[in-house]
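Input: a single structure, listed below in structure tokens.
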Amino acid sequence: MARFMFVYRGPAEEHQHDMAPEQMQQLMEAWNGWIGKGFEEGWMVDGGDALHLEGKVVNHDKVVSDGPFAEAKEIVGGYSIIQCDDLAAAAEIAKSCPGIDSPGGLIEIRELAGMGPKE
Amino acid sequence: MTGELPEDSPADLVEHFFRHESGKLIASLVRFFGLRHFDLVEDTVQAALVEALRTWRHQGIPNKPSAWIHRVAKNRVLDRLRRDKKFAELATSIGTSEASLESLDSCLSDDQLQDNLLRMLFTCCHPDLPADAAIPLTLKTVCGFGEREIAQCLLIQGATVRKRIYRAKRSLIQRRVSYELPGLEQLSARLQTVHNVLYLMFNEGYASSVSDAAIRMDVCEEAARLCHLLTLEPKCSNHTTHALLALMLFHACRFGARIDQEGALVLLEDQDRELWDRRLMNRAMEYLHYASTPDEWTSYHLEAAIAMHHCRADSFANTNWPAIIALYDKLLASRPSPVYELNRAIAVGQRDGPQTALALLHDLRSDSRLADYHLLDATFGELYRRSGELDTARQYYTSAMSKTQSASDRELLRRRLSQLGS
């Protein structure tokens, strides 16, 4: 069994501004249902969290800058931790996530290396 | 008055939580900032809802979701005022002193909520706005509908909805409409406008020719919810408000029987009366009872009483047609309308047979106001079918079919035509 981080990327917030409240509610319920199903079936380890869109960036010269990437076309919006056999299985799980139903939604799947080298 | 509207039960509250939260927040923040800053308010509310969506989809819904969203909205507001140069002047005038923060908190507090919503309702249903602007504006700001949903229900283009809402907001700002419950001297006239908008809103939901039944029902529920809100405010809770709410509930209690499993409209005559919602019907009876002082009956009273007679009958055949005809006579005397005439003729047809109804309808045939009204043609089809003139019936059903976009109406007409054979 391997563990994976799902990194949810999507359009920055402004793009969600024409979403109607009822649509938001449906989307939220779909997410809650998906994460709940994951816990039930055992592949969801941690539902994760959303990330605020603002932050700081510190570079090599120790220069600190404001780090919202809100002007970027796509931004990391949150993450979850999933467990399953391999990357292919993780990709199948990602396909069922409501996050990719919204236009511009994208999930990056990265294996957690701390589980040790593959046998 | 006993009991509450079903909209108040926890399950339903959760059901349209985002919509209603949007309406509550807009009403509360407009009270704080004034109508002039409508756009700032709407942006803030939208941003707060998006943040809720983003966070809750991972973490689930917090214990006090409303309080959560209010806190976010408040922080957003303060953030905008601090950082956005566009609002520098506003920020100075409001200040971020303890006092103004306290007043922001008080505007957002639950005990102001009903008052805020009523202010918003009276603002959106201002007599200076035409009803075709007031309805979309109310649906958007008070009920939290999206523009696409409104367009779908009112059968107009999304761009038209946006334009009407935009103009309505500008007009309210330009006329410096005050954001308040009207004083007693204006109340009666202003309340009439609110009643009228809610009545039309309900009708749009009830009769509009859209195929999507869910959104229509939502609009009806919203109209009833807002009318119920009026009954909670002593200044607004008069006989007419009760009659209007009774009227809405008498119709709403039949929702479950109006569309069959294939999505076809089921006429009153064919509805399974067991499916009617007795609880809503009893509620409607109570409201009509409270509304009753026969010397000041409005058209809402009369329409509610007609709907009541339909609800009370244990079968279509046993409907009290003479009473219904008498009520239509009163309606027509106070407010002539070809649609009332049509409905009266249908009732007469039930009492005296199709030939009598057809004679009554003779003049309506050429009434230009009904030229595109598919229910006129459908009624002719029905009456000719019952008189055994099948060819004529077929022509009218076909013509009715060409005049409606509603999938449920079309399905019903299609079945009628196939029953007639070719």
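Below, chain A is the first sequence line, B the second, and so on; all start at residue 1.
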Heavy-atom neighbours of A:D61 CG exceed 12 at 6.0 Å: yes
Top of A:P98, A:G48, A:G99 for chain B proximity - count of heavy-atom pairs under 4.5 angstrom: A:G48
More than 12 heavy atoms from other groups under 6.0 Å of CZ on B:R170: yes
Check: B:L49 and A:M19 side chains under 4.5 Å, non-hydrogen atoms: no
Residue of the set B:Q46, B:R57, B:R19, B:E21 for which side chain to side chain contact (heavy atoms under 4.5 Å, CB included) holds with A:M24: B:Q46
B:F18 to A:Q25 - nearest heavy-atom pair and separation: N-OE1, 2.9 Å
Show me the donor-acceptor pairs within less than 3.5 Å that the side chains of residues 141-148 of chain B make with the rest of the protein, sequence neighbours left out.
from	atom 1	to	atom 2	distance (Å)
B:T141	OG1	B:L137	O	2.7
B:E147	OE1	B:R162	NE	2.8

Between CH2 on residue B:W56 and CG on residue A:L27, distance to nearest 0.5 Å: 13.5 Å
Over 12 non-hydrogen atoms of neighbours within 6.0 angstrom of CD in B:Q157: no
From A:E29 atom CD to B:L53 atom CG, the distance as rounded to the nearest 0.5 Å: 11.0 Å
Side-chain heavy atoms of B:E15 within contact of A:E22, under 4.5 Å: no
Largest heavy-atom contact set with chain A, pairs under 4.5 Å, which of B:Q59, B:E149, B:K140: B:Q59
Greater than 12 external heavy atoms within 6.0 Å of A:F39's CZ: yes
Proximity breakdown for A:I35 and chain B, heavy-atom pairs closer than 4.5 Å: side chain
Check: A:H52 and B:E51 side chains under 4.5 Å, non-hydrogen atoms: yes
Only pairs under 3.5 Å count here: list side-chain donor-acceptor contacts from residues 76-95 of chain A, not counting sequence neighbours, and write none if there are none.
from	atom 1	to	atom 2	distance (Å)
A:S80	OG	A:Y8	OH	2.7
A:S80	OG	A:G47	O	2.9
A:Q83	NE2	A:G42	O	3.3
A:D86	OD1	A:A88	N	3.4
A:D86	OD1	A:A89	N	2.9
A:E92	OE2	A:K95	NZ	3.0

